[in-house]
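A short write-up of the structure that comes next.
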Amino acid sequence: LVDEFFCDGSGTCSSTPATRPCTPYVCDGKTSTCAAECGGNTGCVATSVCDRSQAHKTGVGECISPSKVALVGNIKDLQDEVSMQSLGTTTRTHIRLSKGTYSFDFKWSGSVKLNIVGDAGTLFKPAPGSTEPAIVYVQDGADVTLQGISFTGSLANQSGLACQTMSSGLAWLTIIECDVSNNSNFGVTTNRCDVVARRNKISANGSGGVRITNGSGTMTNNLIISNGQKGGGSAGGVELIPGSGKSIHFSNNTLVDNIYPSNAAVSGMLCQGVLTVLPNNIIFSNATQNTKVLATGCNFANSLVPQGGGKNGNFSKLAQLDASYKPKISLSPCIDAGQATTATVIDVEGNPRPAIKNGKVDVGCYEVK
């Protein structure tokens, strides 16, 4: 609650302040005013949730009206809420998951539209003995947005997240500020789906980091590292094969230390039929038996890539990254080397991009200067 003085309608201000609730935002203790944005769920009242699905445009999240939010703390309540949303028997648009581990077969299809946001420390794991292809499996017609959740520890031959349609219809998968790590198969794999991935960490997944086939995709500000140790796909880091009439937007991503254990594929990134330009990416220190890091077909611009050669502003130098894969200030050639973009106004950590108004953009998922 905040106290505010209001005009009485006759041209004078009342001497007695009126109390106004800040809901769905919290009160800013430093200024004694209501907050107008959120960086996470703690920026909203306990019955609301911070939706950051549009933060790439605004730089901040939006607290959702409590009347539109379901508060969930266990698998049964999550199942019940998903069922109500798929049946159209609720007006709630968002599900807020309290901190904890949720172990279940998360398989969603049909007309369900979900926007699930986790508190810090929310983890999805597969149900014991699960035979699904991924911890989260999105199918025909479903539209699923997942924010602030970790997906890890899949069973043998399972991926972290998968989206696939069996007919001519579509499915939609959006992942925002998630951690997809240490899964047996792929981190994210899609076929005939539209996928959006923003500000995620995708690491140490056995078959590869991300595979997008026969569908459109947007990938911006993702850290994709140390994937592909066991092989199984066509690239250790990222595989983009959108198919006829589909487009891929791929910008300001960092791909480092991905691997492929044989000479059967590439370690870093593979593109087939990708017609769009891929700006401001780092493809560095990926390894394979025959040192084949990139397949032909990736049309990079202003990116650090093997054999960059200066074409389209690309370059091939030591990336000079620190232990967290951030470009080192004053050392890295990635700083201020990117092209202007309207794809995002923040980096993987939510820092302004560019860091200085009207400044140049850093290459990769971090904006450090």
Side-chain angles (χ1 to χ4, degrees), residues 75 78 97 100-108 116 118 121-139 142 144-164 171 173-191 193 195-213 215 217 219 222-241 253-262 265-270 286-288 325 348 365:
I75 284 293
L78 177 59
L97 292 181
T101 299
Y102 297 79
S103 180
F104 192 68
D105 278 341
F106 303 98
K107 182 178 180 180
W108 295 313
I116 303 176
T122 299
L123 171 66
F124 275 21
K125 298 189 73 172
S130 172
T131 58
E132 298 298 339
I135 298 174
V136 169
Y137 188 25
V138 179
Q139 290 185 295
V144 178
T145 297
L146 302 161
Q147 304 184 52
I149 302 171
S150 294
F151 307 89
T152 188
S154 69
L155 304 178
N157 299 316
Q158 275 190 331
S159 297
L161 300 103
C163 181
Q164 181 170 342
L173 172 64
T174 299
I175 51 175
I176 307 289
E177 297 170 358
C178 291
D179 187 330
V180 187
S181 302
N182 295 294
N183 294 293
S184 173
N185 205 0
F186 292 93
V188 181
T189 179
T190 70
N191 185 33
C193 292
V195 59
V196 174
R198 302 186 189 277
R199 305 183 302 281
N200 303 287
K201 179 182 179 182
I202 301 171
S203 66
N205 298 288
S207 293
V210 178
R211 179 173 63 177
I212 297 176
T213 58
M219 294 191 64
N222 298 286
L223 179 62
I224 304 166
I225 54 174
S226 303
N227 299 284
Q229 301 94 333
K230 77 171 189 178
S234 297
V238 173
E239 185 177 339
L240 302 180
I241 310 176
N253 299 290
T254 298
L255 280 76
V256 181
D257 290 340
N258 299 288
I259 192 169
Y260 199 87
S262 75
V266 300
S267 59
M269 187 166 172
L270 178 148
N286 300 285
T288 186
Y325 300 95
V348 68
C365 65

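Heavy-atom basis, side chains included; hydrogens, waters and symmetry copies ignored.
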For [X] against [Y], the heavy-atom pair lying closest together:
X    : Y    : answer
N205 : F186 : CB-C, 4.0 Å
A127 : S103 : CA-OG, 3.6 Å
I212 : M219 : CD1-SD, 4.1 Å
G129 : L155 : N-CD1, 3.8 Å
S159 : S154 : O-CB, 3.9 Å
I135 : K125 : CG2-C, 3.9 Å

Check the pair L146, L161 against side chain to side chain contact (heavy atoms under 4.5 Å, CB included), reporting the backbone distance first and the verdict last. CA-CA 10 Å; L146 302 161; L161 300 103; 3.5 Å; yes
Does [X] reach the main-chain N or O of [Y] with its side chain, forming a donor-acceptor pair under 3.5 Å?
X    : Y    : answer
S130 : D105 : no
N258 : G228 : no
N183 : F151 : yes
N227 : A204 : yes
S184 : N157 : yes
N185 : S207 : no
T174 : T145 : no

Under 3.5 Å, which donor-acceptor pairs do the side chains of residues 231-241 form with other protein atoms, sequence neighbours left out?
from	atom 1	to	atom 2	distance (Å)
E239	OE1	S234	N	3.2

Just how far is it from atom [atom1] of [X] to atom [atom2] of [Y], taken to the nearest 0.5 Å?
X    : Y    : atom1 : atom2 : result
Q139 : Q164 : CD    : CD    : 7.5 Å
T254 : I202 : OG1   : CD1   : 12.0 Å
Y325 : I225 : OH    : CD1   : 4.5 Å
Q147 : R199 : CD    : CZ    : 8.5 Å
L223 : N200 : CG    : CG    : 10.0 Å
I224 : N253 : CD1   : CG    : 5.0 Å

Counting heavy atoms not belonging to K230, are there more than 12 under 6.0 Å from its NZ?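 More than 12 within 6.0 Å, yes.
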Is it the case that [X] and [Y] place a side-chain donor and acceptor less than 3.5 Å from each other?
X    : Y    : result
S226 : D257 : no
T213 : N191 : yes
S181 : S203 : yes

Residues that K107 engages under salt bridge (Lys or Arg N to Asp or Glu O under 4.0 Å), provided they are two or more places apart: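 Listed in chain order: E132.
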Do Y102 and T122 come close enough that some side-chain heavy atom pair is under 4.5 Å?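 A side-chain contact exists here, since the closest heavy-atom pair is under 4.5 Å.
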So do L97 and L78 actually touch side chain to side chain, heavy atoms under 4.5 Å?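 Yes, close enough: below the 4.5 Å cut-off.
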Quick one: sort the F106 and F124 rings into parallel, tilted or perpendicular, breaks at 30° and 60°.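 Answer is parallel, since the angle falls under 30°.
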Results of disulfide bond (SG atoms under 2.5 Å apart) for C178 - residues two or more places apart only: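 For C178, no residue satisfies disulfide bond (SG atoms under 2.5 Å apart) once neighbours in sequence are set aside.
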